[in-house]
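Here the structure comes first, spelled out in structure tokens, and everything after it is commentary.
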Amino acid sequence: MEYDFTDVERKWRNYWAKNKTYAAKNGSEKPKYYVLDMFPYPSGAGLHVGHPLGYIASDIIARFKRLKGFEVLHPMGYDAFGLPAEQYAIQTGQHPAITTEQNINRYREQLDAIGFSFDWDREVRTSNADFYKWTQWIFIKLFHSWYNKKTDKAEDIKTLITVFESHGNGDVWAACEEVGVFSADDWKKMDEKAQQTLLLNYRMAFLSDTMVNWCPQLGTVLANEEVKDGFSERGGYPVVRKLMKQWSLRISAYADRLLNDLKDLDWSPSIKEIQENWIGKSEGSSLRFKLEGLDEEIEVFTTRPDTIFGATFLTLAPEHELVKKISTADQKDAVNAYVELSKNRSERERMADVKKISGVFTGAYAIHTFSGAKIPVWIGDYVLAGYGTGAVMAVPAHDTRDYAFAKYFDLPIIEVVSGGDISKEAYDAKEGSLVNSDFLNGLHVKAAIKKIIEKIEEKGLGKGKVNYRLRDAIFSRQRYWGEPFPVYYKDGLPYTLDEKDLPLELPDVDAYLPTETGEPPLARAKNWITKDGYPLETNTMPGWAGSSWYYLRYMDATNNGEFVSKDAVNYWQDVDLYIGGAEHATGHLLYVRFWTKFLYDLGLIPAKEPAKKLINQGMILGRSLFLNENTNDGKQISYRIPIEYADDKDRLMIDRFTEVKKMFTNLEMNALSWKTDETGKQFILLVPEIEKMSKSKYNVVTPDDIIAKYGADCLRIYEMFLGPLELPKPWNTNGIEGVSKFIRKFWRLYHDGDNNFQVSDESPTPAELKILHKTIKKTEEDMERFSFNTSVSSFMICVNELTDLKCNKRGILEPLAIILAPYAPHITEELWSLMGNTGTITYANFPEWKEEYIIDQNFEYPISINGKTRTKISLPLNLTKEEISSTILAHDEVIKLMAGKTPKNIIVVPNRIVNIVL
RNA sequence: GCCCUGGUGGUGGAACUGGUAGACACGCAGGACUUAAAAUCCUGUGGCCAUUGCGGCCGUAUCGGUUCGAUUCCGAUCCGGGGUACCA
């Protein structure tokens with residue numbers, strides 16, 4: 001008779017559900033701890049063994065914190081709007097809500113089977129109207145806000161209107177589109193339409209013509225981070241640039257705060273760095289150049305104003321507005337041809353051609369601001385229209401791209417910073433001193449930058465400026481399965497619905513496709529108008545809308561009157577530990593920070609960052625198997641074989657070959673290298689390869705199979721035992737037997753040889769107490785640094801040692817059950833109850849370890865000679881350095897090892913090591 | 001190219017602040033129990049040499065440095081994973 005996990009695990013899961021064991025209490029007396037997982041998109045494929053990795057880790061922390069006396073918020077929900085359900089709807093006509101519901105039910109079953117301690121009363125689904133009501137509500141807040149750079153925060157648009165009414169916009173410093181100066185009188189004379197049009201330039205959520213990433217196959221625009229190398233991240237379809245009227249969110253207003261506040265976050269250096277790069281702050285100066293014979297100026301942005309005397313030409317982006325105006329008659333044709341060419345080249349082509357230099361001379365000349373020299377103005381598509389001013393002052397000696405351009409078109413190169421060899425390559429480093437630079441000569445780069453900016457500002461030619469790479473976030477999607485905008489149009493201008501009319505529910509449509517005229521699917525809905533007859537917005541919000549604030553909703557998930565109550569948010573504040581994949585670094589994790597800061601600015605929430613600590617769990621990789629066939633002409637063809645056809649030695653036995661043959665019509669049996677096993681059966685040895693786990697790669701392992709065979713506790717411990725949480729690792733079940741053995745061995749500590757429960761009330765011996773207390777200490781320390789794999793090891797050591805001592809004493813086994821409970825909740829509940837406790841182990845007290853049980857009287861010193869360990873000598877702990885060295889040197893074995901030599905030096909580190917130098 | 005990570009037995013990994021490298025587990029080999037198997041238990045297991053007895057040498061990607069002592073710190077190189085890419 002052995003431990004039967006099936007019944008025990010089922011029994012306790014039912015108990016937890018029935019008793020709402022994991023319900024979190026708002027406003028509890030206890031200190032709070034909020035541990036959150038990135039909620040999943042419920043795909044049709046269900047969970048594979050990689051998904052629960054992070055959930056198990058967070059669940060262990062949640063359970064540990066409960067034992068430590070915290071009120072723990074540990075919720076789960078679904079990121080339920082999204083493309084796959086909609087694509088499926090297009091193919092089958094089935095409403096995406098139905099597919100989504102089915103998938104969620106499947107996810108829920110799988111999650112429940114693992115024994116997570118989620119508070120399911122707080123479940124959220126972004127596609128539920130009572131959730132997206134508040135997503136729409138936040139959008140309305142964004143629409144009615146502007147970013148005041150003077151106070152450095154978002155404010156109600158009313159404060160801006162008040163200023164306009166009294167002073168116009170002359171003194172307003174806002175994050176906004178380019179707006180001309182107007183006075184209070186001008187403002188008052190404007191009609192409603194003019195005023196609204198103007199305000200649209202200031203709003204945090206605004207409508208504008210934007211160059212977007214249009215994906216024709218998906219029929220929608222995509223955000224920058226949804227595009228990889230010119231193809232859509234989902235589906236891998238080509239993406240083109242297109243000018244469209246779109247909703248955008250003014251995330252760029254927060255660029256500096258998003259960057260600065262990173263330093264206080266306990267997030268991994270790599271995620272911080274990815275965000276830093278994505279925000280892309282660069283400091284420099286703007287600078288205007290006059291054009292010869294024209295009443296126009298070109299403004300450039302440069303981070304190296306110190307190299308101004310090395311500027312030998314200017315380069316404009318082909319899209320630059322001055323291109324047409326300044327081109328001379330004899331260059332006009334060449335310029336037009338080049339502009340046309342670049343316009344039609346897709347992003348993809350531009351990227352592929354990075355190394356290919358192209359450009360054309362406009363015929364115009366600029367006057368060098370300081371030297372007065374005539375310098376030519378060129379066009380080149382290495383200059384991007386969207387960054388800085390779309391124009392650069394080219395300093396070929398000190399910029400690699402300018403250097404390549406100058407070499408190619410044979411333009412002059414003047415060295416102005418010493419230190420490199422400009423005959424060979426550009427010298428980009430910000431080190432060295434200035435030469436050939438008039439009043440800057442002799443200065444170091446940093447000092448020169450400071451001086452030249454002063455000079456530029458003094459002459460009124462420009463000013464010190466900061467530029468960001470971060471673009472405003474495009475917020476419309478031409479899709480069905482997303483949040484409808486709470487927006488209608490009057491006179492062609494957008495207005496928001498009244499808050500009391502929320503939610504604006506997603507209407508039914510006859511097909512999930514764009515209309516014949518190319519409008520989004522919502523244009524198909526009947527009566528898609530307000531009660532006053534105004535047309536409603538037909539775009540929907542992107543996938544990341546709901547996920548940008550869902551962590552707040554969990555705090556107060558059923559509140560119908562507010563997105564989250566003040567009491568709830570003041571108690572829970574923010575997420576203490578957030579666990580999820582690193583692939584969300586530039587998307588979700590940036591947007592959720594942005595929305596948090598926005599809501600904070602409006603005084604709606606107390607914390608300005610969503611999550612204090614973030615851990616990115618490593619991906620669990622799949623192991624794919626390939627069958628290699630040698631063709632007659634000596635080539636090799638690989639077939640991907642579903643892993644369920646192979647045995648645990650990667651062998652495809654002959655009796656399963658017919659099934660495989662059905663998948664591949666060309667597969668020739670006699671072209672394969674068959675081998676014979678011990679029993680005479682034929683098989684083919686398949687070739688493994690480690691890659692991402694995915695349905696299409698036939699390498700998915702589901703948690704269900706593992707749980708059926710070994711139990712949920714075993715799956716939980718095994719996933720933790722695989723290695724450090726953050727590292728990516730291939731899935732294999734090689735070690736799972738070891739974990740399963742450990743669980744059975746643990747069970748046997750509490751039982752006699754016939755599986756009868758048997759725990760004694762004898763007092764524990766010092767040896768037993770030592771084993772227990774060092775394990776408590778170790779697991780507690782490991783928990784602090786999220787080192788779950790090493791904790792599992794120490795549990796194994798503990799159980800092994802107690803087994804050796806045949807210890808079955810309550811004084812040891814009861815605390816042991818508690819410290820193991822976060823990892824193996826089912827078996828420990830059962831043992832806890834067998835030991836006579838009523839109720840759950842969840843809220844027991846985590847035992848405290850005591851130093852007195854752990855410390856030894858002696859320390860076994862490793863004795864090294866010249867740094868190499870030679871022997872070990874046990875000595876009492878309380879000796880002085882001198883006592884230790886004299887005892888050691890007098891020791892027989894040491895005398896033998898020293899072979900008559902006199903030690904040159906002896907290093908004694910108390911309770912660590914002794915090293916004798918000969 | 002640039003930035004960030006990582007490289008330890010046959011395998012997953014441990015060694016937390018420079019102080020006994022390889023914990024724990026898998027696998028493998030041998031043994032006990034059993035009619036047999038499963039389960040369980042015991043022994044061994046980095047490499048090379050010597051194994052009658054101690055033992056000796058090498059070893060944390062490679063090369064070099066700092067140190068009484070380096071998987072850990074520093075420099076250079078190689079390889080893997082991730083991010084990013086005309087951002088002026």
Side-chain angles (χ1 to χ4, degrees), chain A residues 2 229 268-278 280-282 284 300-305 307 315 317 350-351 353-357 380-384 386-395 398-402 404-405 428 467-471 582-583 585-586 616 618-619 621 718 721-724 726-739 741-742 744-745 748 753 778 781-782 784-785 787 789-798 800 803 860-872 903-909 911-918:
Chain A
E2 279 273 308
D229 299 328
S268 75
S270 66
I271 291 281
K272 288 192 186 187
E273 196 227 329
I274 292 169
Q275 292 212 344
E276 270 167 33
N277 290 344
W278 193 261
K281 180 178 186 171
S282 53
V300 301
F301 172 73
T302 175
T303 56
R304 292 295 302 276
T307 61
T315 315
R350 253 171 104 152
M351 272 185 225
D353 279 355
V354 165
K355 299 243 158 55
K356 212 164 156 191
I357 293 154
D381 70 2
Y382 79 96
V383 178
L384 301 176
Y387 185 80
T389 59
V392 301
M393 68 172 207
V395 184
H398 304 288
D399 181 282
T400 311
R401 294 148 308 179
D402 296 341
F405 197 84
D428 296 23
N467 237 306
Y468 296 95
R469 203 187 80 117
L470 183 70
R471 298 278 86 111
E583 65 273 21
T586 52
N616 303 113
M619 196 188 292
L621 301 165
Y718 183 59
F721 190 57
L722 275 175
E726 291 96 328
L727 292 184
K729 42 203 161 260
W731 176 260
N732 67 69
T733 47
N734 290 348
I736 200 161
E737 289 292 344
V739 172
K741 263 185 229 172
F742 157 74
R744 280 173 285 165
K745 208 167 169 179
R748 281 201 298 272
K778 172 78 174 145
E781 285 168 356
D782 285 347
E784 301 299 326
R785 56 195 181 101
S787 176
N789 55 326
T790 51
S791 268
V792 175
S793 294
S794 59
F795 284 127
M796 288 173 170
I797 293 168
C798 178
N800 287 345
T803 303
E860 191 171 52
Y861 280 89
I863 311 299
S864 17
I865 301 207
N866 293 334
K868 278 182 186 167
T869 312
R870 292 294 152 169
T871 185
K872 287 168 193 173
K904 283 198 198 109
N905 194 4
I906 173 159
I907 288 111
V908 178
V909 184
N911 304 334
R912 270 274 151 86
I913 200 170
V914 174
N915 188 15
I916 300 164
V917 187
L918 292 180

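Here is the naming used below: chain letters follow the sequence lines, and residue numbers restart at 1 for every chain.
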According to a strict under-4.0 Å criterion, is [X] in side-chain N/O contact with OP1 or OP2 of [N]?
X      : N      : value
A:K741 : B:rC26 : yes
A:S793 : B:rA25 : no
A:N905 : B:rG69 : no
A:N732 : B:rG12 : no
A:R744 : B:rU40 : yes
A:R469 : B:rA85 : yes

Of the listed nucleotides [options], the one nearest the side chain of [X]:
X      : options                : result
A:S270 : B:rC4, B:rC24, B:rA88  : B:rC4
A:R785 : B:rG12, B:rA15, B:rA88 : B:rA15
A:M796 : B:rC57, B:rA14, B:rA25 : B:rA25
A:R912 : B:rG19, B:rU20, B:rG13 : B:rG19
A:V392 : B:rA88, B:rG19, B:rG13 : B:rA88
A:I274 : B:rC3, B:rG83, B:rC86  : B:rG83
A:T790 : B:rA88, B:rA15, B:rU40 : B:rA15
A:F301 : B:rG19, B:rG13, B:rA88 : B:rA88

When you compare [N] with [M], how far apart are their [atom1] atoms, in angstrom units rounded to a whole number?
N      : M      : atom1 : answer
B:rU60 : B:rC54 : C1'   : 29 Å
B:rG30 : B:rA23 : P     : 22 Å
B:rU8  : B:rA14 : C1'   : 10 Å
B:rG47 : B:rA21 : C1'   : 14 Å
B:rC41 : B:rU17 : C1'   : 41 Å
B:rU66 : B:rU71 : P     : 16 Å
B:rG13 : B:rC4  : C1'   : 23 Å
B:rC28 : B:rA38 : P     : 12 Å

Integer-rounded Å distance: [N] [atom2] and [X] [atom1]:
X      : N      : atom1 : atom2 : value
A:D782 : B:rC24 : CG    : P     : 15 Å
A:K745 : B:rU40 : NZ    : P     : 10 Å
A:K729 : B:rG12 : NZ    : P     : 13 Å
A:K872 : B:rU20 : NZ    : P     : 10 Å
A:K272 : B:rU5  : NZ    : P     : 12 Å
A:I913 : B:rA70 : CD1   : P     : 10 Å
A:E583 : B:rG82 : CD    : P     : 12 Å
A:I916 : B:rG19 : CD1   : P     : 20 Å

Assign [X] to base, sugar-phosphate, or nothing according to its heavy-atom contacts below 4.0 angstrom with the strands shown.
X      : answer
A:I797 : sugar-phosphate
A:K904 : nothing
A:R748 : sugar-phosphate
A:P730 : nothing
A:V909 : base
A:N800 : sugar-phosphate
A:K281 : nothing
A:Y861 : nothing

Worksheet, complete the sentence: All heavy atoms of A:N277 vs all of A:R469, minimum pair found to be O-NE, 3.5 Å
Worksheet item: Do you know the tightest heavy-atom contact between A:V300 and A:T389?
Response: CA-OG1, 3.3 Å
Worksheet item: What's the spacing between A:T302 OG1 and A:N467 CG if we round to 0.5 Å?
Response: 10.5 Å
Discussion item. With rounding to the nearest 0.5 angstrom, report the CD1 to NZ distance, A:I797 to A:K778.
Written reply: 8.5 Å
Who pairs with [N] - Watson-Crick or G-U, where each distance is under 3.5 Å:
N      : answer
B:rC48 : B:rG56
B:rU72 : none
B:rA21 : none
B:rA15 : none
B:rU84 : B:rG1
B:rG30 : B:rC42
B:rC78 : B:rG7
B:rU67 : none

Fill in: Base B:rA88 to side chain A:T302, donor-acceptor N/O within 3.5 Å cut-off
no
Item to complete: Answer with yes or no whether A:N915 presents, from its side chain, a donor or acceptor under 3.5 Å of a partner atom in the base of B:rC68.
Response: yes
Worksheet item: Does any N or O in the side chain of A:D402 come within less than 3.5 Å of the main-chain N or O of A:V395, such that one atom is a donor and the other an acceptor?
Response: yes
Discussion item. Has A:S864 got a side-chain atom pairing as donor or acceptor with A:V914's backbone, closer than 3.5 angstrom?
Written reply: yes
Worksheet item: Taking the nucleotide of RNA chain B with the closest heavy atom to each, which residue, A:S794 or A:T803, is nearer the 5' end?
Response: A:S794
Fill in: Stepwise side chain to side chain contact (heavy atoms under 4.5 Å, CB included) test for A:N800 and A:K745
CA-CA 8 Å; A:N800 287 345; A:K745 208 167 169 179; 2.8 Å; yes
Practice prompt. Apply side chain to side chain contact (heavy atoms under 4.5 Å, CB included) to the pair A:I736 and A:F721, showing each step before the final yes or no.
Written response: CA-CA 9 Å; A:I736 200 161; A:F721 190 57; over 6 Å; no
Discussion item. Over 60° means perpendicular and under 30° means parallel, so tell me whether A:F301 and A:Y387 are parallel, tilted or perpendicular.
Written reply: perpendicular
Practice prompt. Go through A:T307 and A:M393 one step at a time and tell me if the side chain to side chain contact (heavy atoms under 4.5 Å, CB included) criterion holds.
Written response: CA-CA 10 Å; A:T307 61; A:M393 68 172 207; 3.9 Å; yes
